[in-house]
Amino acid sequence: MSELTRGWQRPSIYDVAKHAGVSHMTVSRVLNDHPNIRDSTRQRVLKAIEEMNYTRSSIARALATRRAMRIGVLVDGPVQFGPNSTLRALEAAARDVGYAISAFSIDDDDDSQLDAGVVELVTQGVDALCVIAPRASSLELLRQKSTGLPTIVIKAEPDDVWHTAAVDQRSGARLAVDHLLELGHRRIAHLAGPLDWYDAREREQGWRESLAAAGLEAGEAIIGDWTSDYGYEVGKAFDPGSATAVFAANDQMALGLVHGLVDQGLRVPEDVSVVGFDDVPDARHFLPPLTTVRQDFSALGELALELVIAAIDGEDHTRHDRIAPVLVVRSSTASAPRD
């Protein structure tokens with residue numbers, strides 16, 4: 001075979017063995033971390049692997065480990081920033097340790113989508129399931145199914161059956177509302193996400209808890225749909241006498257809210273302060289730049305992968321791990337206007 005032909009072919013375990021001057025079985029033992037290998041031999045093989053840019057075949061790895069090295073992911077609301085960012089972070093973390101991701105998106109209330117997703121992922125022979133940003137309704141349907149697969153769920157509320165991982169949504173909401181309280185606001189409205197979503201529930205509860213701790217009545221939240229269009233309609237119809245600040249459950253609704261407030265002649269933050277949630281990449285370029293709660297999706301992806309592998313390995317007790325959010329203060333919040 002000519003060098004030109006060899007140039008574009010992925011090196012095999014036999015090529016690595018020849019380059020290192022050992023047998024292909026020795027290379028295999030090094031790859032599988034076999035203990036009975038001299039350190040000098042191990043280092044020689046590892047150097048050959050690096051020099052040849054050898055990547056282990058997923059098929060061979062699956063045969064050696066009796067695993068598919070693939071994680072099935074069900075994603076509720078895939079177009080939303082949080083679920084989409086979580087999926088990409090999980091993909092990156094999985095890739096770093098040799099796992100692949102098969103994702104199935106559920107983008108409406110059709111129960112058959114969940115059924116189809118579970119069947120498709122199980123048919124692919126995945127090692128585990130991960131559910132991102134579930135609604136209460138979809139998670140209840142999943143409880144009724146017996147997949148036989150280790151499962152973890154990305155939600156802030158603990159679960160009796162499954163491992164869970166999440167950014168602490170309730171804590172993030174309290175950071176947002178406490179910031180407004182510190183600025184002197186006492187009438188703080190909440191533009192919530194759909195309350196079938198666990199994340200929306202946790203953020204709404206955090207809003208209530210912070211107001212209660214300050215001795216204030218929360219009243220009724222405004223239930224939105226995560227979109228900037230909905231936020232705009234709320235802002236355009238907003239009664240400036242009802243509140244001096246609004247905590248929006250995501251940055252998209254906060255963006256529309258600011259637009260609607262300005263269109264009806266109100267100033268942000270002089271007349272109404274606005275806080276969002278997520279810290280989307282463009283939040284710092286909103287007019288005004290948006291005060292918001294940042295979620296570390298990279299850390300969440302790594303944590304989710306850690307729990308997936310723990311579940312695959314048969315960890316007995318369920319884990320409920322949380323990542324702390326961070327408040328990012330920008331120009332959309334200011335001291336409460338004087339009555």
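- The shortest side-chain heavy-atom distance between V73 and L90 falls under the 4.5 Å cut-off.
- Between P289 and S331 there is a side-chain heavy-atom pair separated by less than 4.5 Å.
- Checked against salt bridge (Lys or Arg N to Asp or Glu O under 4.0 Å), E91 has no partners two or more places apart in sequence or in another chain.
- Shown here for I312 and A128, the closest heavy-atom pair between the two residues is CG1-CB, 3.7 Å.
- In this structure, R95 has no salt bridge (Lys or Arg N to Asp or Glu O under 4.0 Å) partners at least two apart in sequence or on a different chain.
- Side-chain N/O atoms of Q252 and Q80 include no donor and acceptor closer than 3.5 Å.
- Judged by the 6.0 Å and 45° rule, R135 forms no cation-pi pair with Y198.
- Within the 3.5 Å criterion, the main-chain N or O of G256 finds no donor-acceptor partner in the side chain of D229.
- Applying the salt bridge (Lys or Arg N to Asp or Glu O under 4.0 Å) rule to R208 yields the partners E204; only residues at least two apart in sequence or on another chain are considered.
- Contact detail for A221 and A192: the closest heavy-atom pair is CB-CB, 4.3 Å.
- In this structure, L142 is a member of the same hydrophobic cluster as V122, with clusters built from ILVMFWY side-chain heavy atoms closer than 4.5 Å.
- Linking Ile, Leu, Val, Met, Phe, Trp and Tyr residues whenever their side-chain heavy atoms come within less than 4.5 Å leaves M253 and I188 in two separate clusters.
- Scanning both residues, A334 and S273, for their nearest heavy atoms gives N-OG, 3.0 Å.
- R170 pairs by the salt bridge (Lys or Arg N to Asp or Glu O under 4.0 Å) definition with E202, E209, not counting sequence neighbours.
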Under 3.5 Å, which donor-acceptor pairs link side chains of residues 230-238 to any protein atom two or more places apart or in another chain?
{"residue": "Y230", "atom": "OH", "partner": "I223", "partner atom": "O", "Å": "2.8"}
{"residue": "Y232", "atom": "OH", "partner": "D263", "partner atom": "OD2", "Å": "2.7"}

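- Rounded to the nearest 0.5 Å, atoms CG (D39) and CG (L46) are 9.0 Å apart.
- Every residue was checked against the ring pair (Phe, Tyr, Trp, His ring centres under 6.0 Å) condition with H163, not counting sequence neighbours, and none meets it.
- Pairs of residues two or more places apart, or lying in two chains, that qualify as salt bridge (charged side-chain N to carboxylate O under 4.0 Å, His left out) and include a residue from residues 147-159 are R143-D159, K155-D159.
- The aromatic rings of W226 and W197 sit perpendicular, their planes meeting at an angle over 60°, well past the 30° parallel limit.
- Expressed to the nearest 0.5 Å, how far CG of L181 lies from CZ of R186 amounts to 5.5 Å.
- The two residues R187 and G241 come nearest to each other via the heavy atoms NH1-O, 2.7 Å.
- Here L180 contributes atom CG and L211 contributes atom CG; the two are 9.5 Å apart, rounded to the nearest 0.5 Å.
- Residues T86 and F81 form no side-chain contact, since every pair of their non-hydrogen atoms from C-beta on lies 4.5 Å or further apart.
- Each of T244, L216, V246 was checked for a side-chain contact (heavy atoms from CB on, under 4.5 Å) with H185, and the lone residue meeting it is T244.
- Applying the salt bridge (charged side-chain N to carboxylate O under 4.0 Å, His left out) definition to pairs two or more places apart or across chains, those involving residues 322-334 are D279-R330.
- Not counting sequence neighbours, the partners of A299 by the side chain to side chain contact (heavy atoms under 4.5 Å, CB included) test are D296, I323.
- Residue F277 holds its CZ atom at 12.0 Å from CG of L290, rounded to the nearest 0.5 Å.
- The two atoms that bring A156 and Q169 nearest to each other are CB-CG, 4.0 Å, heavy atoms only.
- With rounding to the nearest 0.5 angstrom, the CZ atom of F247 is 9.5 Å from the CG atom of L175.
- Separating the CZ atom in R44 from the CD1 atom in I49 is a distance of 12.5 Å, to the nearest 0.5 Å.
- Residue E270 qualifies as enclosed at atom CD: its count of foreign heavy atoms under 6.0 Å is above 12.
- In this structure the side chain of S105 never reaches within 4.5 angstrom of the side chain of L74, judged on heavy atoms.
- The side-chain hydrogen bond (donor to acceptor under 3.5 Å, both in side chains) search around T291 returns T333, not counting sequence neighbours.
- Not counting sequence neighbours, the partners of A89 by the side chain to side chain contact (heavy atoms under 4.5 Å, CB included) test are F297.
- When all heavy atoms are compared, the tightest approach of D278 to N250 is OD2-CB, 3.7 Å.
- Listed by chain and number, the residues in a side-chain hydrogen bond (donor to acceptor under 3.5 Å, both in side chains) with D321 are R319 (sequence neighbours excluded).
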